[in-house]
Structure formats: C-alpha cells, structure tokens
Amino acid sequence: MRFRVSSINVSVDGSSVEVESGADGFKLFTERSIVAMRVNGELRDLAHKVSAGDLIEGVAISSPDGLNILRHSAAHVLAQAVQNINPEAKLGIGPPIKDGFYYDFDVENSFTPEDLKALEKAMERIIRSGQRFIRRVTTDGEARVELSGEPYKLELIGLKGSDLGEGSAEVGAGELTIYDNVDPQSGETVWKDLCRGPHLPNTRMIGNGFALTRVASAYWRGNENNKQLQRIYGTAWPTKDELRAHQERLEEAARRDHRRLGVDLDLFSFPEEIGSGLAVFHPKGGIMRRVMEDYSRKRHEESGYDFVYSPHISKSNLFEISGHLQTYADGMFPPIRMDEEVDEHGNVTKVGQDYYLKPMNCPFHILIYRSQPRSYRDLPLRMFEFGTVYRNEKSGVLHGLTRVRGLTQDDAHLFVTQENMEQELTDVLGFVLGLLKDYGLNDFYLELSTREEGNPKFVGSDEIWNTATATLEKVAADSGLELVPDPGGAAFYGPKISVQARDAIGRTWQMSTIQLDFNLPERFDLDYTTSDGSKQRPVMIHRALFGSVERFFGVLTEHYAGHFPPWLAPVQVVGVPIADAFSEYLHHIAAQLRKAGVRVMVDDSDDRMQKKIRNHTMNKVPFMLIAGEDDQKAGAVSFRFRDGSQENGIPVADAIARILKAIEEKVQV
RNA sequence: GCCGACCUGGCGCAAUUGGUAGCGCAUCGCACUUGUAAUGCGAGGGUUAGGGGUUCGAGUCCCCUGGUCGGCUCCA
C-alpha cells in the first residue's frame, strides 16, 4: 500500500498548485532568482511553510522587494563583519535604503576608509562561507536575555508595536523574531540579530555586487538629542555589472555637480571672506542669471502680475506680527540694534530698535496690499518681486547654490477671494508648469502637502483647511499630472502643492511651491469690500517657481551638465579663424550677430586652431563658427557643435538665421 | 548645530620616518600662422586657509578660528 501524504492547494503567482502539506518556498520555487515570497501579501522567507489556500507570489532578487531583501541581508553581513573585527561594537539599526543599505554602530572610534576595505574583505569571507539566515520566533523575555549586550536592540524590543519609525526593519507589529546566521559546515549559529526579516536564504546570494561606500554619523533613532552612532553606508546589486552601472551613474552625477561646473565654467563662487552660503555670480554666471530673470519678468508681466520692491531689512515688529520671529527666530540672522543710547554705567537711556534681515518677502507685500482699502474689484491682486532674503541656515546644511544663506526668491503673493481661489490656483499651476518647460524641464509630478489631523501647530479652522485642501486637490487632479500625497507636510498656515521635476538623469528636485495661507491675512487683519458692501478676508497664495534663483541656477546647471541651451549659454557663439588672415572675416560676421543681440566673440589668441576648438568645446559653447579660405571665398562659414559634429560651407546669412532661431525658440542644440 | 574627513600657486595634484615646497594645465613673453579636442621654447607666480604651540627644524605633530566635503538633524 502506498503511503499517502496529505496535500494542500495554494495559489502560486496566480495559478493553483497542489503541494504536500508542510511545503515551503524552496519546494514552490526552484529558480535561483526567486529569493523570497509574498504569502497573502506578507513578505516571507523561502523557508516559510505555506498553508492551504495561501496566495503566494515569488519575489525575484531584481524586483523592488527583492533588492530590499538583498540589501538588508548585506547590512546583516556588514554588522557581522564589524562585530567579528570589533566585538565591542554595539548594534543600532541596519535597513535597506535606495540603492543600498546602512548599519549604525556604537563604537569607541569612528571608522576610517581603511576600515571599510577590511570590512569589505571580511564581508566577502562571510558571503563565501554560505551562512544560512534562519528565522526564529522569540519572546520579549527571551530576546532580552539573548541580547542583553545590545542596549539599542533592547530599546527596540521595548518599543515594539509602538511608533517605531526608523526601527521598523528590526521589530514589526507581529511576532518578535531573531535571525540566526548558521554556518553550513558546523551547523553552528555564528551570529544573530533582532530582525523581522525576511532575508535571502543564504549569504552566498549576496554575491559580489556590493561595496561599502562611506562612513558618517547619525543620531540614534534620528533624534538630535540622542547619541550619535557611526553609520556605514553600502550599496548592493544582484550582479557586479549592475554595481558598475550604479557607480557610473554616481560618476555621471559628479560630473554634473554644479559646484564643480561653477568653477570650471567660471559662473559663481563662494569667497571665504564673505561668509558661508553667500554666493557671488561672475560675469558668465551673471549673464545667465540676468537672462533667466529677464525672461521670468517678461512672462509675469504678460500674466497680469504687478512688480513691487521691498527693502532687505525691517524693524522686528513686522516679523512679530507675521509670526516669523516667534516661530523661526533660530533661522533668522540676529538683529541689528539701532538708535540705542547707553550711559557710562551701561544703563539704557534711550530704547533702541531691532532690525532684522528679512527671511521672507510676504509681510512686505501684505503691507502694500494694506496701503489702501481694497475692493473685490481689485482682486485677484498679484504682486511679484525678485526678493532677496537671508536665512541663518545651520552651517552643516549648506550645499553649493541649492542651500544658501542669501537667496533671491522669484516670489509672488496673490490676494484672492474665496470664490476665485480655485480659478487662480488653476491658472498659477498652468503658468508655473509652462514656464518651467521653457527653461527645459518637462518631466513633472505634484506633491500635495496637507495638515496632520489633530496637530495643534496647524492654524485655521477645519472648514477652511478642508475647503482649501479640496481645492488644491482638484486643481492638482485637473492638471493630469501624477499626484503624490504628503500628509503632515503642510506649512502651519496652509496646505501646498509642490512641483517636483525630474532632471536629465532622472533625479527629482522640488521646484515650485504653491501655498495657501489663511494665517497671514488674519494676523495682518486684511480685508476687502464685497459687492454688498460687507468686509471679507482675502486668501493669500504664496508661490515661487524657481524657489530661489540660486537654487534653480544650480539645478539647471546639473540638468544640462553645463551644456546650456543657446538662449542661456553665457557665450553663444565663438568664431575660430583657421589663420589670422580670416579673423577679420569672422569679426564681420560677429558684428552682425552682436547687432542682433547674440553673445559672440572671435578667438584671436595665438593658440592654434585645434587648441581653440578644444578650449571652447570644454567651455561648452553651443556654436563655433570656423572660417578659412574656402569659407571666405564662398561667403560661408563652418559650424561646429558641442557634440563634435560639423557642417561646412553654410552661407553666412543662413548661419546667422539658424543661430537666431535656436536662441529665439529656446531649443537645445 | 552634531560626528568624521579635508584645506599646498587661478584649477587639478606631488612632497620617503618632521629635514629649507615640486608637476601639469592656466598666466605672461618670444617664435610659429596652422582646416576641426592640447605647437615649441622661456619666464613669473605659493611665508602650504588664518592664528598659536611642540621641536635644533613643521606642509607634515598638537590646540583654536575660518572654510569645504560626506552624513545626521533642520528647511517658513
């Protein structure tokens, strides 16, 4: 008689499969690329035993889940390697992140680059030894005994089930589990870590597509009042080739870094003498900035904005009314005390006034609004200013042009009625997207930042928040763009939409923000007279397209990798004569271009022609016009483009027309 | 702000255990006058971010200040 094992039915990747009861993922999936599975929506190890009726999907190593598992497993191996070398190291957390993983350690001395090399070697040994990751369910009490030497893990056990934030890779809401790393030869557990999993079946599957990238420090559980742990970052990929490709992407990003291009192309600098985060724009950067600003002004003018100007400093009172001083004093430059008189004993005989550098333009625009009684007929009122503001950003956050202490916002404030709020928001969003496209960004999505229910920091009535949020949501939805919710991300005074742009290499940058504000109209007691003669409070919309001109400049530099389209390029055309004799001919052409407003120069230097071509190629000039005897005889010129391609014998008039057209149409060449 | 690393002519980099600062590009001068990414020769330029200390001697070691970079925290 045949022994009958009981069998069960499960669904595997959509089809029903009969397996013997007690079967695990290794039975269901034989392909090596499947490293884990989803059982009824939950990620599980392949060693998990399935039950009748389970809905099971295989998780491939190259899928988003699979990559996370790979990287999380790599983090464990890193931690094991660290503790092998330094048994005193205490474990923090070690989650997967975009492109890689990290692990935090409490160690006496911080890690050095040499340590990383040694750790990579140690990781390779662990990976090659083929340790198995074995999940083991434990209890609070048992885990506390086992992990008594790991204070941070003990803290996580205590937090289990509560709001964990960063620790969620270690302990989940369900069972408490420990992963044992078991040596396949001896069967001994050589290392273990508190972890909710899942993991790869075996360390060998991490392969050789990983690298340790940098050391840093990070506050325990992300709180700056906690101790700083030493963090090691790594990257991990299914194959060595994918690791290479990732490293090449990083190199490409480094080549585009605006801080480097700013020096190479002589666009801007941060002289130490001026102070951190305070940029100067050199002539080449200056002309680009002027072109950017001029075009923005023109478009704003066409779209019904009024241009206003406001000073850079103000008495403290203004920022007390606006609330900035109470909420953001830390982020403002300290006050300048004026007109105070003190006697020889140090007693104040005349009270002075504190002046502050402005951190925002809004209060100034509000005062302009308030300078006269307003009627519903005046609204919407749109005030625009390139307003330079100063913020005392913490020294550690400064970064090139993208995070600075002095910045110029392309700032506008729109004063609208409740009734025309929706129309105005729709128009603003359309305006913003259209203008960003003209600067060459065209891949967008939107983020809707809303208030956090019950958090008292958000001011204003529920009703107006609900209306405003619904309006923004509708406007965002009507745009047809992808909308990502950002709950709790609103400013304290109102919800906002932000436009996120993807650049040429797929990175996203937060660009424009459109923010509703119910708070400042209240604080400044703004009103307008309605058609029935009653007073109503206007709603304010804050919006900036560039965010700051500096930041936008930096983003465009990286987007274009310094290959600015002709309309923005600091030098648009360079004439290169084959020999001195043809210089005059090129000067004649250049004069015509210059007359048409083109930024053109002729390279009369002693350098050889080849050298000139090299120089201007490296300076990323969009058009080179080369002329020698053949061209001069034919009344023609030869184009050379940035990519090295060329077109010879173009009649001068055609060449000029082409250049003018490219500039006019803002195309890239 | 915190942790760590770093700061050498305009730019990119060198300088064995602490022993009197070199190179390339750029700049300037001279020669060459050239058909698509570096012509040759010569010259000038740095009290090694600033200050203090240790030492017979400091670019190298220590301290302070400033700045930069990588993260963390923050970003109206």
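Model, not experiment: these values are computed from the prediction. To find a chain, count down the sequence lines: A is the first, B the second, and so on, and within it residues start at 1.
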S.K.: Can you confirm whether or not the ring centre of A:Tyr309 sits under 6.0 Å from the ring centre of A:Phe364?
M.R.: no
S.K.: From the set B:A37, B:A76, B:U36, return the single nucleotide nearest to any side-chain atom of A:Ile626.
M.R.: B:U36
S.K.: Looking at A:Phe333, I'd like to know if the NZ or CZ of A:Arg391 sits under 6.0 Å from its six-membered ring centre while staying within 45 degrees of the ring's axis.
M.R.: no
S.K.: In terms of heavy-atom contacts, does CD of A:Gln510 have more than 12 from other residues, nucleotides or ligands at under 6.0 Å?
M.R.: yes
S.K.: With the threshold set at 4.0 Å, does a side-chain nitrogen-carboxylate oxygen contact exist between A:Glu647 and A:Arg658?
M.R.: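 Salt bridge present between A:Glu647 and A:Arg658.
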S.K.: Tell me the interatomic distance from A:Phe641, atom CZ, to B:U36, atom C1', rounded to whole angstroms.
M.R.: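 So the two atoms are 13 Å apart, to the nearest Å.
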S.K.: Mind listing the N/O atom pairs, protein and nucleotides 11-16 of chain B, below 3.5 Å?
M.R.:
none

S.K.: Looking at B:A26, B:G1, B:A76, which one has an atom nearest to any side-chain atom of A:Val397?
M.R.: B:G1
S.K.: Between B:A38, B:U36, B:C72, which nucleotide gets closest to the side-chain atoms of A:Tyr233?
M.R.: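 Selected nucleotide: B:C72.
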S.K.: Which nucleotide in the list B:G35, B:A37, B:C74 gets nearest to the side chain of A:Glu629?
M.R.: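 Selected nucleotide: B:G35.
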S.K.: Can A:Arg231 be said to sit on top of A:Tyr102's aromatic six-ring, NZ or CZ under 6.0 Å from centre and within 45° of the ring axis?
M.R.: yes
S.K.: Taking the side chain of A:Arg608 as its heavy atoms from C-beta onward, which of B:U34, B:U73, B:G35 lies nearest to it?
M.R.: B:U34
S.K.: Phosphate oxygens OP1/OP2 of B:A37: is one of them under 4.0 Å from a side-chain N or O of A:Arg640?
M.R.: yes
S.K.: I'd like to compare against my own output: the B/S/- annotation of nucleotides 65-70 of chain B with a strict under-4.0 Å heavy-atom distance to protein.
M.R.: -BSSSB
S.K.: A:Phe101 and A:Tyr103: aromatic ring centres closer than 6.0 Å?
M.R.: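 No, the ring of A:Phe101 stays outside the 6.0 Å limit from the ring of A:Tyr103, centre to centre.
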S.K.: If a stem is a run of at least 3 consecutive Watson-Crick or G-U pairs, both distances under 3.5 Å, which stems include RNA chain B?
M.R.: B:1-7 with B:66-72, B:10-13 with B:22-25, B:27-31 with B:39-43, B:49-53 with B:61-65
